[in-house]
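Read through the structure below, which is laid out as structure tokens, and then see the notes.
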Amino acid sequence: MEEGKAHPSEGVFAHLEMLEAQAHEVAVKQAAAEQRKEQLARLEARVQELRQRRDELQAKVELQEQGQHGQGGVVSDPAQHSAQTVLGWKIRKVKSTLQVFYLTGISGKLSKQGVCFCISTAYEGTYLDSYYLDLLTEPQVRIHRHSIPTFIPMEQIAKKYLQTDIRRFLSVLSDHLNAYVGRRYQADQLQEHFSDRLEGTMQRNSLCNLLVFNYNPSSKSETFPFNARLLYGDLCCSLPTEVVISCAPDAPAALTETAAAHSDLFRRLALHKAFGSFGSAGEHVDGAR
Amino acid sequence: MDETVAEYIRRTVLKIPRDEIKTMLRKWGFLSETQLQTINFHQNKDNISRDVVQLCEENSTSIKQAAVLDIIYNHSYPNKRTWSVYQMNKTEEETDFFDLTDFRKKFKRQLRSTLKNVTINFREYENNAIWIRIAWGTPYTKPNQYKTSYVVYHSQTPYAFISPSVLKSNLPLLCQALVVASNYQDIHEMELRSHSLNSLEDMVFKRYSQNFETYCPRPVQESTVAQETGLRVVQENINEKERILRVNREGFGDGPQPKLEFAEYKLETMFTSDPKLEVLDRKEPFRCMVKFHSPHLLESLKSLAPAGMADAPLSSLLTCIPHKARNYFKIREKKGFFPGSFVSP
């Protein structure tokens, strides 16, 4: 019975302990839950805060952009506005100045090791090819790279002027190139627009400084009584230095007179323009007077 | 008409792809339009070539006329031959009025003075290119039309593009005739060879696009650094990528590269290693040859850095190829304090 007395008290105590432990557990759980709830509430509040801040900043950015585009932005810094327009104006001015230099025919830009020149060519108002020259300045002036055609005597010109007078070198080279494109342009125009007055294709060469062709001043004709041989002795000139127009040996005198007149014409006038002047002469061969 | 001529025409027509035969015969201009209409160009090539030979029989073609068809074929398909570039020099600085008839006369006269049995044909094209076809014979035999050399010469330039025949012994004769006819004094072979004639011309005449620094740049193709869709994709190393592209463009230029099939580098440099190792007892240059092969060498070199296979900028030994117009290089020791390497001119 003593055991019985001991056991019931142990049982009660054990039971009480158990209940206490249970209560403790529940209390702990409740505390944790409350803590979590609190944290959640705090985080939610923070999220709200951040969202609000983001909206504010976004509104600011939009206002700034609007202000730049001048679409009635409410808050745009007036000082910033005018500084930007001035900068834009300056950039446009510099660009147009550079464009003007480019159109004058010779323009240049300093590069890491020297200068890079651009020679742009034109003939009677038509802008034609551009050629580039990359010069090194150390230890002495020499040509590094270029896009000048091989038949232009650039090495000769460089030997004469590159070391002593760069300006003269560029000017002479530019003359050569402009004259070459001018001669080429005339020959191309002739071949393109007056092919019906030429017999076959013209004989020419790379520099276009010798042209040989048979032609008839009137367009609808079967024969080509005149043979023209144009020699451009001066490589800086786009007009021929020597013109020889010949006919068959048994040709009538009128034809030889026309030949002499044409010879003079080709020496004075650009080739395609000379042929253009034939058009108004009429249908017969010895018309051009 | 000679049997040999008939056979030659037949074989030349067989070389041409079937779709091109009609156009080339038209360019040849030897058969009239009515004659061309009688040929059925949809049958197989054997029959077409036989029909063509038949018509040529009626017109009694000579070998010289048949040779023109060969020139037309080679002008359309120049990449089937290997071309070497030769450079001529002269000391006098007078302006040259290149007269085509004069050139042809001098060339034929010079060549025929040493070897009578040759067939020489000339054909001019619009870009001032003169194509010369030479069929070689010997002092005792007629010219062999299947062993031909081709020369492409642009007037008033010091460069000639030669595709030699298998008979290498005739090359000096050819060179001499060229020099005399074009009013130069001597000729030497450049270290430049390729199948693509146009690319060789581009390199030598500086017609390929070089990158020149100017204030008014020509319109450049839009740099196709594709803007990735999706604003959530951020390229971490976009700066490096753009640097590589920029440096690559400076080295190679913007436009298409000339087409070369190979580049050969002969190294004659000293083997540099730890002096303690003493690998080589004798102080001799270490001989070695590096050869790059590709269907399109320069384009593949250009794409190395953007593909991440090489560091940018690429070695100037590779990027200088179009600028120096050569694809054979000899690299020797630089004489001086610092053993390095330099490219022989």
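Naming convention: chains lettered A, B, ... in sequence-line order (proteins, then strands); numbering from 1 in each chain.
Comment: D102(B) engages K106(B) in a salt bridge, judged by a side-chain N to carboxylate O separation of less than 4.0 angstrom. With salt bridges taken as basic N to acidic carboxylate O contacts below 4.0 Å, none links K302(B) and E299(B). Ion pairing between a basic and an acidic side chain is recognised when a charged N comes within 4.0 Å of a carboxylate O; R51(A) and E56(A) show no such pairing.
Aromatic pair Y132(A)/F212(B): centroids less than 6.0 angstrom apart. Aromatic ring centroids of F275(A) and F194(A) lie under 6.0 Å apart. Ring-centre distance between F205(B) and H154(B): below the 6.0 Å cut-off.
Using a 4.5 Å heavy-atom cut-off against chain B, the contacting residues of residues 139-150 of chain A are H144(A), R145(A), H146(A), S147(A), T150(A). Of all residues spanning residues 115-131 of chain A, those with a heavy atom less than 4.5 Å away from chain B's heavy atoms are C116(A), C118(A), arranged by number.
Considering Y86(B), F103(B), F122(B), Y184(B) as possible partners of Y153(B), the one that fulfils the ring pair (Phe, Tyr, Trp, His ring centres under 6.0 Å) test is F103(B).
Atoms CG and CZ, on L31(B) and R26(B) in that order, are 11.5 Å from each other to the nearest 0.5 Å. For the atom pair CD1 of I130(B) and OG of S155(B), the computed distance is 5.5 Å after rounding to the nearest 0.5 Å.
Your options are I152(A), L235(A), L231(A), and the one with the most heavy-atom pairs under 4.5 Å with chain B is L231(A).
Both the backbone and the side chain of D99(B) come within less than 4.5 Å of a heavy atom in chain A. If you measure heavy-atom distances from L110(A) to chain B, the contacts under 4.5 Å come from the backbone alone. Heavy-atom distances place both the backbone and the side chain of L207(A) under 4.5 Å from chain B. Contact annotation for Y208(B): neither backbone nor side-chain heavy atoms come within less than 4.5 Å of a heavy atom of chain A.
At least one test fails for R109(B) against the ring of F107(B): distance under 6.0 Å to the centre or angle within 45° of the axis.
The main-chain N or O of I244(B) is never found under 3.5 Å from a side-chain atom of N248(B) such that the two would form a donor-acceptor pair.
Relative orientation of the H75(B) and Y125(B) rings is parallel, given thresholds of 30° and 60° on the angle between their planes.
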